[in-house]
Engineer: 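Take a look at this one; I'll ask things after.
What you see is a predicted model; the values in this text were computed from it and never measured. Worth knowing before you read on, the calculation uses all heavy atoms, side chains too, and leaves out hydrogens, waters and symmetry mates. Sequence lines set the chain letters: A, B, ... in the order given, protein chains first and strands last, and positions in each chain run from 1.
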Amino acid sequence: MSHEAFPTDNPAVVTVGLPYANGDLHVGHLRGYVTGDTVARALRRVGQQTAFVCGSDMHGTPIAVNAAKEGVSPEAFALEYHEEYAETFPKFNVEFDNYGHTHDETNVETTQEFVRSWIDGDHVVEKEIQVAYDPADDQWLPDRLVEGTCPYCGEDARGDECDEGCQRHLEPGEVEDPVSTLSGNPAEYREREHKFLRLSDFQDYLQAFIDRMDGTDNAKNQPREWIEGELQDLCITRDMDWGIDYPGEDGEGEEDLVLYVWVDAPIEYVSSTKQYTDRVGEDAFDWEEVWTVDDEDELTGEDNGEIVHVIGRDIIQHHAVFWPAMLRGAGYNEPRAILATGFVGIDGKALSTSRNRAVWADEYLDEGFHPDLFRYYMINGSGMETDVDFSWDRFAERVNGELVGNLGNFCYRSLLFAERNYDGTPDADVSDDVRERIEDAIDEFEAALNEYRVRDVGAVPIELADYGNEYIQRNEPWKLTDDDPERAAQVIRDCVQIAKAIAVLMQPVMPEKADALWAQLGEDGSVEDARLDEALDAPPATFDEPEELFGQIEDERIEELNEKLAERVEEATEDGEDDAEEANEDTMDFEPESLTDERISFDDFGDLDMRVGEIETAEPIEDSDKLARLEVDIGVETRQVVAGIKQLHDLAELPGTRVVLLANMEKAELFGVESNGMVLAAGDEADLLTTHGDAPLGSKIQ
RNA sequence: AGCGGGAUGGGAUAGCCAGGAGAUUCCGGCGGGCUCAUAACCCGCAGACCGGUGGUUCAAAUCCACCUCCCGCUACCA
């Protein structure tokens with residue numbers, strides 16, 4: 001938009017959101033890294049100097065908690081995952097120029113420099129807040145280090161959110177009956193002074209920034225609510241040992257405070273670029289040309305480097321609000337674009353690691369599938385912004401149909417025909433039509449990249465192969481070899497040229513397969529080093545017999561994989577690690593109330609007039625969180641009842657459900673609606689009582 | 001609840017920002033062709049009036065309003 005088209009004279013940095021070193025990688029993570037890698041490769045294709053950097057996110061309370069559970073240090077715990085990630089990414093052809101982590105020396109230094117800049121610029125304020133504290137262990141308990149009871153719904157809740165109950169976000173100090181996640185000791189709240197970054201200092205700046213930033217619609221629009229409203233101060237410190245020390249004034253009295261992970265996490269983008277420069281030298285890539293601003297007043301000037309962030313759509317605010325403010329406060333450059341990808345689902349349902357409804361990175365590779373197939377599926381499956389569903393069925397369908405049948409088949413039949421009849425590229429000129437078609441493909445590649453239409457970038461070679469199949473079919477060179485050899489040579493020359501163009505254009509999405517095709521054409525080196533317009537240069541006059549680029553995935557394979565996945569999900573459910581129904585998780589920790597000692601007489605029981613009924617209608621009561629208005633047929637008449645079950649049941653499914661109704665309950669009026677009776681239900685989840693058989697409506701409970 | 005994103009032939013997806021001849025591609029169905037090629041490839045047909053209701057316009061899948069359903073975010077979780 002407001003930016004100069006790629007390639008620019010400045011270097012670019014492409015980043016992907018840091019993986020949190022807390023668990024194995026699955027296809028959901030991989031989508032982002034593949035997208036970022038493809039963007040970086042495509043930028044290089046058009047001649048943009050580009051560094052692709054990332055690193056592991058090592059800090060934060062979840063890692064501290066999980067490390068404690070395993071009895072290892074947070075650093076050792078996180079490092080293990082860090083190394084796993086560093087090894088896994090290249091296996092998916094995600095090749096970072098530098099992959100660091102937030103706990104390394106570079107990031108500690110850079111982060112502290114940032115914070116000092118904010119302090120010097122008077123953007124940091126101090127405030128007293130309530131923090132949970134474990135007096136027995138002399139331990140502060142920020143964020144998830146404390147758990148207790150949700151003040152809103154009474155469910156067990158973590159310190160930061162009511163994760164099992166009402167899903168509400170909880171402020172520090174809100175959780176009732178707090179206990180330490182680490183020791184289980186009861187906790188108390190204490191006043192504690194913390195540091196805050198005054199985001200409102202950057203309000204005007206952010207408003208201008210969001211207007212000139214490029215990227216996906218969600219990334220450009222979602223932050224507006226915050227940026228155009230009142231910006232709260234961001235608490236940037238935590239009472240923990242694990243993290244980067246708050247630099248403070250002369251180190252006095254601040255040594256027990258570390259920085260909030262969302263402070264040092266994005267700064268790793270800068271640190272990782274620095275490390276890249278340290279390794280290759282400033283002449284090869286100068287991090288300062290990208291990250292620092294030559295002229296403070298010229299943020300949008302042409303001298304600044306191009307920063308492109310690829311993230312998941314759940315961390316937009318952090319990258320489009322906090323991060324630009326952090327950069328600005330330290331005198332750094334701003335992002336040119338933020339690309340927020342959608343989520344990945346499995347077989348039409350949400351991916352769930354606890355239920356093991358996931359396809360793991362290692363699993364995919366262990367099954368022997370080529371990484372480029374996965375990359376293709378993720379990039380070409382749908383637009384970057386929308387959620388994409390992964391299923392082995394679809395995977396096989398797309399690989400077999402689009403890669404094997406279309407792209408692979410075209411290249412194979414063309415090169416094989418060329419090799420058998422001409423020993424390589426026929427001696428003829430490329431026809432004008434084909435030349436123009438390839439030129440169009442190159443133009444579309446560049447245009448799509450400049451608008452961050454990554455899917456369209458990936459579609460270019462496929463569409464070219466489509467054209468190729470059509471072209472070869474229409475001209476039937478196999479009929480011409482005898483009748484019109486010159487014409488046959490011409491057609492095959494065109495086809496070989498198209499195959500070469502495909503190799504160049506498919507490289508960002510399928511780098512390894514592109515190289516394989518490149519080699520089959522008899523080209524030297526890697527297609528990675530070929531410029532985009534080399535797609536039009538003549539291929540070598542001779543090359544060897546080609547091989548099939550992609551192999552069919554058999555139906556039996558897919559059946560196996562589906563079964564494996566289904567079994568795994570079932571196992572995870574049976575093991576009770578998690579359950580099919582959200583609510584069942586509560587059942588695990590459920591402790592029934594102790595029994596009442598007081599006994600009642602049979603006559604007392606007889607006072608309760610309970611009847612079998614059937615729900616006829618169920619509709620929500622406006623302005624109420626829980627209440628629903630039910631009409632229940634109890635044989636002799638139909639009763640209107642108000643019941644607190646709105647959140648706990650799908651009202652649309654209730655009509656037809658048999659229930660037990662206390663008919664002689666005193667009448668009540670709730671939210672202006674009369675309740676004439678009471679529907680019996682069990683527990684906090686209001687599990688409705690029903691009949692086992694088919695007792696007629698109106699039957700008395702006795 | 002507020003904000004953001006989405007709802008398109010049987011399934012999956014594009015188009016919407018820059019409104020215009022009853023809409024893309026893939027899978028599936030039907031009918032042809034070809035045989036160089038991995039039962040691949042090519043051509044043709046059937047099938048959606050583009051979540052619902054209104055509005056703007058000569059013209060709307062595309063703009064506006066309201067509604068329904070799904071997903072995300074809502075600031076000191078990562």
Engineer: Can you tell me how the ring of A:His123 sits relative to the ring of A:Phe202, calling it parallel under 30°, perpendicular over 60° and tilted otherwise?
Structural biologist: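 Correct class here is tilted.
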
Engineer: Output yes when at least one side-chain N/O atom of A:Tyr260 is less than 4.0 Å from OP1 or OP2 of B:A75, else no.
Structural biologist: no

Engineer: Would you mind telling me which residue lines up with the more 5' stretch of RNA chain B, A:Pro142 or A:Phe550, judged by nearest nucleotide?
Structural biologist: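 Of the two residues, A:Phe550 wins.
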
Engineer: So A:Phe395 and A:Phe369, would you call those rings parallel, tilted or perpendicular, with 30° and 60° as cut-offs?
Structural biologist: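 The rings of A:Phe395 and A:Phe369 stand perpendicular, inter-plane angle above 60°.
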
Engineer: What's the CZ-P distance between A:Phe417 and B:C41, to the nearest Å?
Structural biologist: 18 Å

Engineer: Hunt down the Watson-Crick or G-U wobble partner of B:C17, both distances under 3.5 Å, from any strand shown, or write none.
Structural biologist: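 Matched B:C17 with nothing under the 3.5 Å cut-off.
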
Engineer: Using the rule side chain to side chain contact (heavy atoms under 4.5 Å, CB included), only one of A:Asp347, A:Ile346, A:Ile553, A:Ile558 pairs with A:Trp392; which is it?
Structural biologist: A:Ile558

Engineer: May I ask you to decide if the ring planes of A:Tyr81 and A:Tyr85 are parallel, tilted or perpendicular, using 30° and 60° as cut-offs?
Structural biologist: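 Answer is tilted, since the angle falls between 30° and 60°.
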
Engineer: Base, sugar-phosphate alone, or nothing: which one does A:Glu230 contact when heavy atoms must sit under 4.0 Å apart?
Structural biologist: base

Engineer: On RNA chain B, nearest-nucleotide positions of A:Asp217 versus A:Gly229: which is more 5'?
Structural biologist: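 Going by which nucleotide is closer to the 5' end, it is A:Asp217.
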
Engineer: Give none if B:U25 has no partner; otherwise give the nucleotide forming a Watson-Crick or G-U wobble pair with it, both distances under 3.5 Å.
Structural biologist: B:A12

Engineer: Could you give the distance separating B:A60 and B:G55 at their P atoms, to the nearest angstrom?
Structural biologist: 12 Å

Engineer: Across the strands shown, which category fits A:Leu480 at heavy-atom distances under 4.0 angstrom: base, sugar-phosphate, nothing?
Structural biologist: nothing

Engineer: If you look at every strand shown and take non-hydrogen atoms under 4.0 Å, does A:Arg474 touch a base, only sugar-phosphate, or nothing?
Structural biologist: nothing

Engineer: Within this structure, what is the CH2-to-C1' distance between A:Trp478 and B:A40, rounded to whole angstrom?
Structural biologist: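 After rounding, the reported distance stands at 12 Å.
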
Engineer: Starting at atom CD1 of A:Ile462, determine the distance to atom P of B:C27, rounded to an integer number of angstrom.
Structural biologist: 12 Å

Engineer: Please report the distance separating the C1' of B:C17 from the corresponding atom of B:G5, rounded so that it comes out in whole Å.
Structural biologist: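 These two C1' atoms come out 14 Å apart once rounded.
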
Engineer: Round to a whole Å and report the spacing from CD of A:Gln520 to C1' of B:A37.
Structural biologist: 13 Å

Engineer: Check the distance between B:C73's P and A:Ile338's CD1 and give it to me in whole angstrom.
Structural biologist: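 Answer to the nearest Å: 16 Å.
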
Engineer: May I ask you to evaluate whether A:Arg420 reaches the phosphate of B:A37, defined as a side-chain N or O under 4.0 Å from OP1 or OP2?
Structural biologist: yes

Engineer: Specify the separation, in whole Å, of atom CG of A:Asn409 and atom P of B:C34.
Structural biologist: 18 Å

Engineer: Measuring to OP1 and OP2 of B:U25, would you say a side-chain N or O of A:Ser382 lies under 4.0 angstrom away?
Structural biologist: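 Looking at the OP1 and OP2 atoms of B:U25, neither is under 4.0 Å from any side-chain N or O of A:Ser382.
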
Engineer: Answer with base, sugar-phosphate or nothing: what part of the nucleic acid does A:Glu470 contact at a heavy-atom distance below 4.0 Å?
Structural biologist: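 Contact class for A:Glu470: sugar-phosphate only.
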
Engineer: B:G5 phosphate, OP1 or OP2: any side-chain N/O from A:Asn221 under 4.0 angstrom?
Structural biologist: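 It does, given that an N or O in the side chain of A:Asn221 lies less than 4.0 Å from OP1 or OP2 of B:G5.
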
Engineer: Using the C1' atom as the reference point in each nucleotide, state the distance between B:G10 and B:G28 in Å, no decimals.
Structural biologist: 8 Å

Engineer: So does A:Trp262 reach the base of B:A78 with its side chain, donor to acceptor, closer than 3.5 Å?
Structural biologist: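 Result: at least one qualifying N/O pair found.
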
Engineer: Regarding A:Val404, tell me which of base, sugar-phosphate or nothing describes its non-hydrogen contacts under 4.0 Å with the strands shown.
Structural biologist: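 Base, at least one base atom sits under 4.0 Å.
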
Engineer: Using whole Å, report how far CG of A:Asn469 lies from C1' of B:G33.
Structural biologist: 15 Å

Engineer: Remember a base hit wins even if backbone is also touched, and classify A:Asp466 as base, sugar-phosphate or nothing at under 4.0 Å, heavy atoms.
Structural biologist: sugar-phosphate

Engineer: Counting only heavy atoms not in A:Asp544, do more than 12 sit closer than 6.0 Å to its CG atom?
Structural biologist: no

Engineer: Roughly how far apart, to the nearest Å, are B:A12 and B:U56 at atom C1'?
Structural biologist: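 Straight-line distance between the two C1' atoms is 34 Å.
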
Engineer: Taking atom C1' in both B:U57 and B:G19, what distance in whole Å separates the two?
Structural biologist: 9 Å

Engineer: Would you kindly give the CD1-to-C1' distance between A:Ile492 and B:A37, to the nearest whole Å?
Structural biologist: 11 Å

Engineer: Do any side-chain nitrogens or oxygens of A:Tyr412 fall under 4.0 Å of OP1 or OP2 in B:A37?
Structural biologist: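 A:Tyr412 to B:A37 OP1/OP2: no side-chain N or O under 4.0 Å.
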
Engineer: Using a 4.0 Å heavy-atom cut-off across all strands, classify A:Asn218 as base, sugar-phosphate, or nothing.
Structural biologist: sugar-phosphate

Engineer: At 4.0 Å (heavy atoms only), tell me whether A:Ile315 reaches a base, stays on the sugar-phosphate, or touches nothing.
Structural biologist: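 Contact class for A:Ile315: base.
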
Engineer: Mind checking whether A:Trp242 and A:His103 have parallel, tilted or perpendicular rings, split at 30° and 60°?
Structural biologist: tilted

Engineer: At 4.0 Å (heavy atoms only), tell me whether A:Gly383 reaches a base, stays on the sugar-phosphate, or touches nothing.
Structural biologist: sugar-phosphate

Engineer: Paired with B:A78: which nucleotide, if any, by Watson-Crick or G-U wobble criteria at under 3.5 Å for both distances?
Structural biologist: none

Engineer: In whole angstrom, give me the gap between the P atoms of B:A48 and B:C34.
Structural biologist: 32 Å

Engineer: Taking atom CD of A:Gln207 as the centre, does the number of heavy atoms from other residues, nucleotides or ligands within less than 6.0 Å exceed 12?
Structural biologist: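 Counting neighbours around CD of A:Gln207, more than 12 heavy atoms of other residues, nucleotides or ligands fall under 6.0 Å, so yes.
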
Engineer: Taking only Lys NZ, Arg NE, NH1 and NH2, and the carboxylate oxygens of Asp or Glu, determine whether A:Asp211 and A:Arg224 approach each other closer than 4.0 Å.
Structural biologist: yes

Engineer: Given the C1' atoms of B:C16 and B:G51, what is the spacing between them in whole Å?
Structural biologist: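 So the two C1' atoms sit 15 Å from each other.
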
Engineer: Using a 4.0 Å heavy-atom cut-off, does A:Arg313 contact any base of the nucleic acid, only the sugar-phosphate backbone, or nothing at all?
Structural biologist: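 Touches a base.
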
Engineer: Which part of the nucleic acid does A:Arg224 contact within heavy-atom distance under 4.0 Å: base, sugar-phosphate only, or nothing?
Structural biologist: nothing

Engineer: So what does A:His194 touch, heavy atoms closer than 4.0 Å: a base, only the sugar-phosphate, or nothing?
Structural biologist: nothing

Engineer: For A:Gln317, answer base if it contacts any base atom (sugar-phosphate contacts may also be present), sugar-phosphate if it contacts only those atoms, and nothing otherwise; contact means non-hydrogen atoms under 4.0 Å.
Structural biologist: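 Counting heavy atoms under 4.0 Å across all strands, the contact made by A:Gln317 is with sugar-phosphate only.
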
Engineer: Distance between the C1' atoms of B:C26 and B:U8, in whole angstroms?
Structural biologist: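 Between the two C1' atoms, the distance is 15 Å.
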
Engineer: Look at all strands and tell whether A:Gln552 reaches a base, only sugar-phosphate, or nothing, counting heavy atoms closer than 4.0 Å.
Structural biologist: base

